[in-house]
2 protein chains.
Amino acid sequence: MRIAELSRLSGVPAPTIKYYVRESLLAPGERTSRNQAQYDERHVTRLRLIRALLEVGGLSVAAVRDVIAALDSPETGTHKVLGAAQQTVTATGVAGHHDEPCHQEAVAEIRALVERQGWTVSEHSPALTAAAEVLGALRRLGQDDFADRLDAYARAADAVAATDLEIVRKRPDADSMAEAVILGNILGDALLAALRRLAQVHRSGRLFE
Amino acid sequence: MRIAELSRLSGVPAPTIKYYVRESLLAPGERTSRNQAQYDERHVTRLRLIRALLEVGGLSVAAVRDVIAALDSPETGTHKVLGAAQQTVTATGVAGHHDEPCHQEAVAEIRALVERQGWTVSEHSPALTAAAEVLGALRRLGQDDFADRLDAYARAADAVAATDLEIVRKRPDADSMAEAVILGNILGDALLAALRRLAQVHRSGRLFE
């Protein structure tokens, strides 16, 4: 298909498509003449992923380029692709206090939690640092009763991850798996937050009314 | 105690404390002379809540004033206070598309979910709208496999809410309960997100390596 058709199918304006090609987010079409190129179905899929990363995920163009590069790297297995996709969505929004002694304590607490849950996770996993940051913030704010219920929260998080992975493994190809990891995490966090509040409203009504 | 002692105990500079009093976030101290006022333990607790709302929660001064007003309103029961606290933390970050027909469909889907789970939730609950917004975004992006697993996510969210409420009900007073609802939701979402990614890393390693 020509760029006009690609633009129509994807909903992305032609100048934007050309910009993505210049920025190495999208592979160039196959050149058929000096001013024309042919695109195919893979370009449509890839454009959907790019738009989702930029608009829903709020990623920068450089971060999108990293995800795409991981996807297209020939030697990466599925686990590596998912790892790369996952690292793009591991920001917690909690300011880091990595130099404080309490951060090292929080890291040790999360490592102990990981061990209790029987999880195999690299020491350098950004998710481990992210969890330690939030735990540190809870302790600094005197919310120790939350910090003391880590195992209950970890069990619920594991149930969520089990559902996430069931969805991911049923996807037909690596692009679509990466899309599930990224959108599933970004939108899934928001979905879970909203469902958690719905369940809170229900339970709070039963407890206190 | 005098303002210098309140500042030392709370870590909040005296001019900032005076600003909070002017903005009706903090009750004025009891005036003992033209230039002096006495503060007590409740001022220390309240300052901690105000700082947490502003800094961790990222709320505006006006939003903090609303939470404080709900806390201090004499006729509000615990459920109402928790409701007011909860409404401050129900933003999803997903742009609203309330005028689109698919939003109404998503609202109907979430209502059906709430019914299947046996939850009692007001039709006007902001959490219901928030959940519908995320569901609509997932459907628009073609992530129907996530949307089709709503019940699994709702069960996990309910387990999280059960732990949340256990923590809240053990708090000694309404201020501290509201603090648990607000910090528990804001920091708790980040904690859950990080734990979910840790569990994903573990499960993804087992599945794909």
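Sequence lines set the chain letters: A, B, ... in the order given, protein chains first and strands last, and positions in each chain run from 1.
In terms of heavy-atom pairs under 4.5 angstrom with chain A, the leader among Ser122(B), Gly188(B), Ser176(B) is Gly188(B). Ranked by heavy-atom pairs under 4.5 Å with chain A, the list Leu113(B), Val121(B), Thr163(B), Ile110(B) is led by Thr163(B).
For Ala162(A), the parts sitting under 4.5 Å from any heavy atom of chain B are the backbone and the side chain alike. At a 4.5 Å heavy-atom cutoff, the contact between Arg169(A) and chain B is made by backbone and side-chain atoms alike.
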Side-chain donor/acceptor pairs under 3.5 Å, residues 149-159 of chain A, sequence neighbours excluded:
unit_1    : atom_1 : unit_2    : atom_2 : d
Arg149(A) : NH1    : Glu166(B) : OE1    : 2.7
Arg149(A) : NH2    : Glu166(B) : OE1    : 3.3
Asp151(A) : OD1    : Arg116(A) : NE     : 3.3
Asp151(A) : OD1    : Arg116(A) : NH2    : 2.8
Asp151(A) : OD2    : Arg116(A) : NE     : 3.0
Asp151(A) : OD2    : Gln117(A) : NE2    : 3.3
Tyr153(A) : OH     : Asp164(B) : OD1    : 2.5
Asp158(A) : OD1    : Arg203(B) : NE     : 2.9
Asp158(A) : OD2    : Arg203(B) : NH2    : 3.0

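Side-chain atoms of Arg206(A) and Thr120(B), non-hydrogen and from C-beta on, never get closer than 4.5 Å to each other. Residues Gln143(A) and Ile167(B) are not in side-chain contact: their nearest non-hydrogen atoms beyond the backbone lie 4.5 Å or more apart. Looking only at side-chain heavy atoms (C-beta outward), Asp189(B) and Asp189(A) stay at 4.5 Å or farther from each other. Asn185(B) is listed as a side-chain neighbour of Gln200(A), based on a closest heavy-atom distance under 4.5 Å. In this structure, the side chains of His202(B) and Leu165(A) stay at 4.5 Å or more apart for every pair of heavy atoms.
In plain terms, the two heavy atoms of Ala199(A) and Trp119(B) that are nearest each other are CB-CZ2, 3.7 Å. Closest of all the heavy-atom pairs between Ala131(B) and Leu191(A) is O-CD1, 4.2 Å. In this structure, Ala127(A) and Arg197(B) approach most closely via the heavy-atom pair CB-CB, 3.7 Å.
Chain B is approached within less than 4.5 Å, heavy atom to heavy atom, by no residue from residues 5-20 of chain A. Identified by a heavy-atom distance below 4.5 Å to chain A, contributing residues of residues 38-46 of chain B are lacking entirely.
Not counting sequence neighbours, the partners of Glu109(A) by the side-chain hydrogen bond (donor to acceptor under 3.5 Å, both in side chains) test are Arg139(A).
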